Student: 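Sharing a structure below in structure tokens format, with a few things to ask.
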Amino acid sequence: MIPRTADIVIIGAGAVGSSIAYHLARRGAGNVVVLEREMVGSGSTSKAAGGIRVQFGTRVEVEFSLRSIEFFKRFEDEMGVPCDYRQEGYLILLFDEADLARYRKNVALQTSLGAEVRIVKPAEARAIVPELRVDDIMAAAWGPMDGYASPNDVVQAYANQARARGVQILEGTPATAIELSGDRVTAVLTPEGRIETPLVVNAAGPQAPLIGRMVGLEVPVDPRRRHIFVTDEFAGVRHPMPLVIDRKSGFYCRSEQRQVLMSAGDVGTTTEFSASVDWSMLGETVDKAVRRIPALEGASIRHAWAGLRPLTPDEHAILDWAPDLRGLYLAVGFCGHGFQHSPATGQVVAEILTGAPPSIDITDLALSRFARPQSERN
Ligand SMILES: Cc1cc2nc3c(=O)[nH]c(=O)nc-3n(C[C@H](O)[C@H](O)[C@H](O)COP(=O)(O)OP(=O)(O)OC[C@H]3O[C@@H](n4cnc5c(N)ncnc54)[C@H](O)[C@@H]3O)c2cc1C
């Protein structure tokens with residue numbers, strides 16, 4: 001049965017919406033309803049590679065990472081289930097002076113905030129990943145705190161813990177319209193009925209612009225497809241292999257138990273709302289893989305999937321109230337880091353929605369930044 005009223009309606013039960021629901025419930029936020037058109041986690045979250053890194057270039061994102069890493073470390077105690085969290089490191093390969101200078105600056109920022117990251121020479125990069133080709137790299141950024149966890153385990157745990165605290169998560173129930181009275185949000189419509197509410201959270205991931213259009217708001221989120229290919233069990237590299245990112249080609253890979261998970265980067269240049277696997281991507285992925293780690297030539301591909309990364313123009317998320325409206329909050333545009341930042345996002349958004357000051361300064365994630373010239377942004 002669909003409830004007739006709610007204090008807060010969250011649209012979308014991905015990592016972001018489910019974490020917000022969980023953290024709202026922990027704060028005793030009242031009657032919270034989550035609308036999910038498919039199933040919990042079935043959107044971009046279930047397609048994520050699970051990567052968790054402190055290697056970001058802005059203060060707010062490094063702080064989100066550090067806060068989220070604390071959460072992943074205590075995940076099993078707090079959530080009652082494991083999430084396969086491993087700190088096996090990220091090794092980012094750098095090819096030219098400009099990139100090296102940018103990463104030196106980022107590393108200085110990251111370490112000043114308490115993260116462990118350093119620039120290493122090619123020989124040390126090869127000591128970390130012995131199968132790596134390093135003759136064409138200038139240096140690498142090595143983050144031993146970085147790692148990964150299982151997105152599905154994490155999102156299901158948020159949802160289960162939220163439900164256990166009274167949140168109603170309605171799967172198979174799309175939001176079809178948002179009703180306004182003047183500039184104030186009054187209700188969300190679904191095929192099952194209308195839910196009266198003063199507060200709606202847009203956490204619809206790649207579909208966030210479609211929710212924005214329900215109230216005439218352009219949300220600058222542009223979903224792009226990305227593929228992941230996973231090899232068979234493969235002994236040709238040393239496991240665990242940290243996540244290696246080739247900055248020149250966009251390729252990345254890491255161990256997944258004794259398999260290797262890899263991606264060639266984004267495909268497509270236009271907004272997409274569906275994410276089927278394009279097997280013609282395999283050739284490009286394998287070429288990039290073998291160029292960087294020649295031993296991968298001996299691997300065979302076992303399976304693949306594709307998903308949508310909800311990109312914003314500057315590749316930073318948007319956490320803000322919708323302008324000129326009362327009662328619509330945007331938690332959107334998490335690009336390639338929405339899974340890993342979901343713990344901090346849930347905490348901070350729950351603070352804001354319950355009237356508390358946010359424990360991380362999120363002014364840099366305001367929607368209004370897009371109204372400023374690019375040169376004035378981060
Ligand atoms: C291949 C790939 C690899 C990635 N790797 C990583 C990684 O290593 N680390 C990382 O942190 N991130 C990664 N990401 C990015 C990450 O997946 C996203 O940033 C994150 O999942 C966004 O979470 P979300 O909750 O905002 O969106 P979603 O998980 O997409 O959740 C939004 C939900 O809203 C629902 N919805 C949409 N419209 C409606 C509606 N009208 N009514 C009700 N429900 C609706 C959808 O069904 C969906 O379940 C990757 C993404 C891809 C595609």
Side-chain angles (χ1 to χ4, degrees), residues 9-21 33-53 56 61 64-65 68 72 90 146-152 154-155 158-159 169-178 188-192 200-214 221 223-230 243 245 252 254 256 261-268 272-273 275 277 281 304-312 315 317-319 330-346 349:
V9 173
I10 299 170
I11 301 176
V16 171
S18 302
S19 177
I20 295 170
V33 173
V34 184
L35 298 177
E36 169 51 53
R37 61 177 191 159
E38 296 178 346
M39 288 180 306
V40 168
S42 63
S44 294
T45 296
S46 58
K47 314 300 183 321
I52 298 163
R53 64 190 149 102
F56 283 90
E61 285 165 329
F64 267 51
S65 294
S68 296
F72 288 119
Y90 263 51
D146 298 341
Y148 64 92
S150 159
N152 193 50
V154 171
V155 72
Y158 289 142
I169 302 180
L170 306 174
E171 294 176 299
T173 310
T176 52
I178 296 174
V188 179
L189 302 192
T190 79
E192 265 67 63
V200 173
V201 179
N202 179 353
Q207 287 78 35
L210 306 180
I211 305 299
R213 276 173 220 157
M214 292 176 182
V221 170
R224 296 285 168 79
R225 191 155 43 133
R226 177 169 281 195
H227 288 71
I228 303 270
F229 294 96
V230 182
L243 195 141
I245 301 179
Y252 67 85
R254 67 160 165 82
E256 171 79 0
L261 174 156
M262 58 176 124
S263 177
D266 288 344
V267 285
E272 294 185 78
F273 289 109
V277 173
M281 282 298 296
W305 67 85
L308 298 173
R309 298 195 323 139
L311 300 186
T312 61
E315 301 208 10
I318 298 166
L319 286 180
L330 309 174
V332 303
F334 278 89
C335 309
H337 51 271
F339 161 66
Q340 62 194 286
H341 281 177
S342 63
T345 300
V349 173

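In this text, all values refer to a predicted model and were calculated from it rather than measured experimentally. One-based numbering, in listed order, for ligands and for the atoms of each.
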Student: Between H337 and F56 (judged by ring centroids, cut-off 6.0 Å), do the two rings come close enough to count as a pair?
Tutor: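 Yes, they do, as the ring centres are separated by less than 6.0 Å.
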
Student: Polar contacts were defined as any N/O atom of the residue lying under 3.5 Å from an N/O atom of the ligand; does this apply to Q340 and ligand 1?
Tutor: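 Among all N and O atoms of Q340, at least one is under 3.5 Å from an N or O of ligand 1.
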
Student: Any N/O of M39 closer than 3.5 Å to an N/O of ligand 1?
Tutor: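 There is no such contact.
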
Student: What I want to know is whether G307 and ligand 1 share at least one N or O pair that is separated by under 3.5 angstrom.
Tutor: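 So ligand 1 has no N or O lying under 3.5 Å from an N or O of G307.
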
Student: With sequence neighbours left out, write down each residue that passes side-chain hydrogen bond (donor to acceptor under 3.5 Å, both in side chains) with T190, or none if nothing qualifies.
Tutor: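 Partners of T190 under the side-chain hydrogen bond (donor to acceptor under 3.5 Å, both in side chains) test: none.
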
Student: As an exercise, state the distance from CZ of R53 to CD1 of I245, rounded to the nearest 0.5 Å.
Tutor: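 Result: 6.0 Å between the selected atoms.
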
Student: Using a 3.5 Å cut-off on N or O atoms only, is G338 in polar contact with ligand 1?
Tutor: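 Right, the criterion is met.
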
Student: When only distance counts, is A175 in polar contact with ligand 1, meaning an N/O pair under 3.5 Å?
Tutor: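 There is such a contact, yes.
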
Student: Parallel, tilted or perpendicular for H227 and F229, by the 30°/60° rule?
Tutor: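 Rings of H227 and F229: parallel, as their planes differ by under 30°.
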
Student: Could you check F72, F334, Y158 and say which one makes a ring-ring contact (aromatic ring centres under 6.0 Å, His included) with F339?
Tutor: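 That would be F72.
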
Student: Nearest heavy atom to atom 32 (C) of ligand 1: which of G17, S18, A203 does it belong to?
Tutor: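 Considering heavy atoms of G17, S18, A203, the nearest to atom 32 (C) of ligand 1 sits in A203.
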
Student: With a heavy-atom distance limit of 4.0 Å, tell me whether R226 approaches ligand 1 through its side chain, its backbone, both, or neither.
Tutor: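 Both of them.
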
Student: What protein heavy atom sits nearest atom 48 (C) of ligand 1, and how far away is it?
Tutor: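 The answer is E36 OE1, 3.4 Å.
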
Student: Heavy-atom pairs closer than 4.0 Å: do any link ligand 1 to the side chain of L308, the backbone, both, or neither?
Tutor: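 Within the 4.0 Å criterion, L308 contacts ligand 1 through backbone atoms alone.
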
Student: For atom 19 (O) of ligand 1, state which one of S342, C335, P151, S44 supplies the nearest heavy atom.
Tutor: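 Among S342, C335, P151, S44, the closest heavy atom to atom 19 (O) of ligand 1 belongs to C335.
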
Student: Is there at least one pair of N or O atoms, one from P206 and one from ligand 1, spaced under 3.5 Å apart?
Tutor: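 For ligand 1, there is no N or O atom that lies under 3.5 Å from one belonging to P206.
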
Student: Hey, does A331 come in under 3.5 Å of ligand 1, counting only N/O atoms on both sides?
Tutor: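 No, since none of the N or O atoms of A331 sits under 3.5 Å from an N or O of ligand 1.
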
Student: For T173, which of L170, I169, T176 qualifies under side-chain contact (heavy atoms from CB on, under 4.5 Å)?
Tutor: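 With T173 as partner, L170, I169, T176 yield a single side-chain contact (heavy atoms from CB on, under 4.5 Å), made by L170.
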
Student: Tell me if a side-chain donor or acceptor on S342 pairs with a main-chain N or O of Q340 at a distance below 3.5 Å.
Tutor: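 Such a contact is absent between S342 side chain and Q340 backbone.
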
Student: Please indicate whether any nitrogen or oxygen in T173 is less than 3.5 Å from any nitrogen or oxygen in ligand 1.
Tutor: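 Among all N and O atoms of T173, none is under 3.5 Å from an N or O of ligand 1.
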
Student: How far is atom 25 (O) of ligand 1 from its nearest protein heavy atom, and which residue and atom name does that atom have?
Tutor: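 Answer for atom 25 (O) of ligand 1: V16 N, 3.0 Å.
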
Student: Just to be sure I read this right, does ligand 1 sit under 4.0 Å from the backbone of T45, its side chain, both, or neither, counting only heavy atoms?
Tutor: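 T45 to ligand 1: contacts from backbone and side chain alike.
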
Student: For atom 10 (C) of ligand 1, which protein heavy atom lies nearest, and how many Å away is it?
Tutor: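 Going atom by atom, the protein heavy atom closest to atom 10 (C) of ligand 1 ends up being G336 O, 3.2 Å.
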
